[in-house]
Amino acid sequence: MRIPKPSLTQWIFIGMGIGLLLGWYAPETAVSLRPLSTIFLRLIKSIIAPLIFATLVVGIAGHGNLKQVGRMGIKALIYFEVITTLALIVGLLAVNLTRPGVGVNIAAVVSPGEIVARQQTIGEVLTHIFPQSIVQAAAEGEVLQIVVFAVIFSFSLALIPVEKRTVILSFCSGLAETMFKFTGIVMRYAPVGVGAAIAFTVGHRGLPVLINLGMLIATMYGALIVFTGVVLGTVALIARVPIREFLSAIKEPSLIAFSTTSSEAALPKAMEAMENLGVPRRIVSFIIPTGYSFNLDGSTLYLALASVFVAQAAGVEMTVGQQVLMMLTLVLTSKGVAGVPRAALVILAGTVASFGLPLEGVAIILGIDEIMDMGRTTLNVVGNCLASVVIARWEGEFRTETVAVAGQQPQ
């Protein structure tokens, strides 16, 4: 009888368990393992600049030509930005209410005073957003500068002839795919990196840190429930979405997303379910795939929670203005990476690093990331299914009669 090999997630849990035991029984040895986690974090950090640049260029220049996308594209982009911003606000309120990171006390890269000084005036903040060199911005991990350069580059790319644009889009698409594969290779080292990070944290701070991680999970799922019930529920009522039929339609794709933690795995079934619900195929085929890049409700809510958690764990009391600036960064950097395992980790690492917060906090969160990933991926799928119905209503093309015959597709 063949013994099944553990998956990467299982190896990460195994590494986390070994790290816990080392931190508990041999704290001095555990603390000495910090270089192993540092190597992992440096590799993750090296992915950030090329991945964000490539995915944003493909996402904006590939879909952002509003002359081609037309009226529906403008409506969709407005809807996506409003809903994902509300997701960030819910996540921000939840993590500031429960404060799950308080008490972890991992060391910050810079002191809170230096963070405040760096963002002293509005003029300095605005100036710092715009890069004087994309190479310098990439080398220094200035995520927002990379985003600004990528956005302007993307709009410029959309203005050149199609044959020239295609060459650059093809390159960026290949670069993005390569960096996702790079991420997959680095993630094979994750069990060691996560185990070392947990060992160092427990050895340095003790077992009470586990209580903080449990609070983070509870806060995450509580925020997901609130967002789904209050925000998406209100949107569904305003758009006159048939609630019972919608819930029945999304049941299967939601279960696929929850069990596989992959938005892409649920995509075919989600598109089929929305067509059967009464959304025209042309709207489904545009809104749901585009939403996988621009409408990541669960991922953006998670990023808000996780980034402020890292700040709390570092003992950094961020002002409202600093948190808003971080959320603005997350709104932009979270575009274009849906459906890719651990992509949110890369975005989170880049954001916290650009705000002078310790990457060790990201490594600690990775130990429980799979548990939170199930919830946020499910919300991503549900949010995009709802978006297709809302846009169909907005366009006046939603059919109230559903397709009853198995296998029949509306045209």
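For the numbers below, each heavy atom of this structure counts, side chains included, while hydrogens, waters and symmetry mates do not.
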From OH (Tyr302) to CG (Leu348), nearest 0.5 Å: 5.5 Å

From Gln312 atom CD to Arg99 atom CZ, the distance as rounded to the nearest 0.5 Å: 5.0 Å

Thr84 and Asn295 side chains, donor-acceptor separation under 3.5 Å: no

Selection residues 216-237 - residue pairs positive for side-chain hydrogen bond (donor to acceptor under 3.5 Å, both in side chains), sequence neighbours left out: Thr98-Thr219

is_close_aromatic(Phe130, Phe149), centroid dist under 6.0 Å: no

Atom of Leu305, atom of Ala94 and distance for their closest heavy-atom approach: CD2-CB, 4.2 Å

Test item: Glu272 and Pro253 side chains (from C-beta on) under 4.5 Å apart, heavy atoms: no

Note, Leu20 side chain near Trp24 side chain (heavy atom, < 4.5 Å): no

Check against side-chain contact (heavy atoms from CB on, under 4.5 Å), Val310 and Phe355: CA-CA 11 Å; Val310 174; Phe355 279 80; over 6 Å; no

Met179 side chain near Leu175 side chain, heavy-atom distance below 4.5 Å: yes

Side-chain heavy-atom pair Pro191, Ile14 within 4.5 angstrom cut-off: no

Reported CE-to-CZ distance for the pair Met215 and Phe309, which is rounded to 0.5 angstrom: 9.0 Å

For Ser307 against Leu357, the heavy-atom pair lying closest together: O-CD1, 4.2 Å

Beyond-backbone contact of Phe80 with Lys75, side-chain heavy atoms, under 4.5 angstrom: no

Closest heavy-atom pair and its distance - Ala138, Ala49: CB-CB, 3.6 Å

Exam field: side chain Ser299 to backbone Leu296, donor-acceptor pair closer than 3.5 Å: no

Check: Asn212 side chain, Pro100 main-chain N or O, donor-acceptor pair, under 3.5 Å: yes

Test item: Ser173 side-chain N/O and Leu169 main-chain N/O as donor-acceptor pair under 3.5 Å: no

Check: Ala239 main-chain N/O paired with Arg393 side-chain donor or acceptor under 3.5 Å: yes

CE-CD1 distance between Met274 and Ile250, expressed to the nearest 0.5 angstrom: 7.0 Å

Validation row: Val235, Leu386 side chains within 4.5 angstrom (heavy atoms): yes

Contact summary for Asp297 and Asn380, nearest pair of heavy atoms: N-OD1, 3.3 Å

Shortest non-hydrogen contact from Asn96 toward Leu92: ND2-O, 2.7 Å

Stepwise side-chain contact (heavy atoms from CB on, under 4.5 Å) test for Met271 and Cys385: CA-CA 8 Å; Met271 295 179 69; Cys385 287; over 6 Å; no

For Glu252, all residues meeting salt bridge (Lys or Arg N to Asp or Glu O under 4.0 Å), sequence neighbours excluded: Lys269

Full working for side-chain contact (heavy atoms from CB on, under 4.5 Å) between Ile287 and Asn384: CA-CA 8 Å; Ile287 295 298; Asn384 282 311; 5.9 Å; no

Thr377 side chain to Asp373 backbone, donor-acceptor under 3.5 Å: yes

Student check: side-chain heavy atoms of Ile83 and Phe227 closer than 4.5 Å: yes

Main-chain N/O of Thr319 paired with Gln322 side-chain donor or acceptor, under 3.5 Å: yes

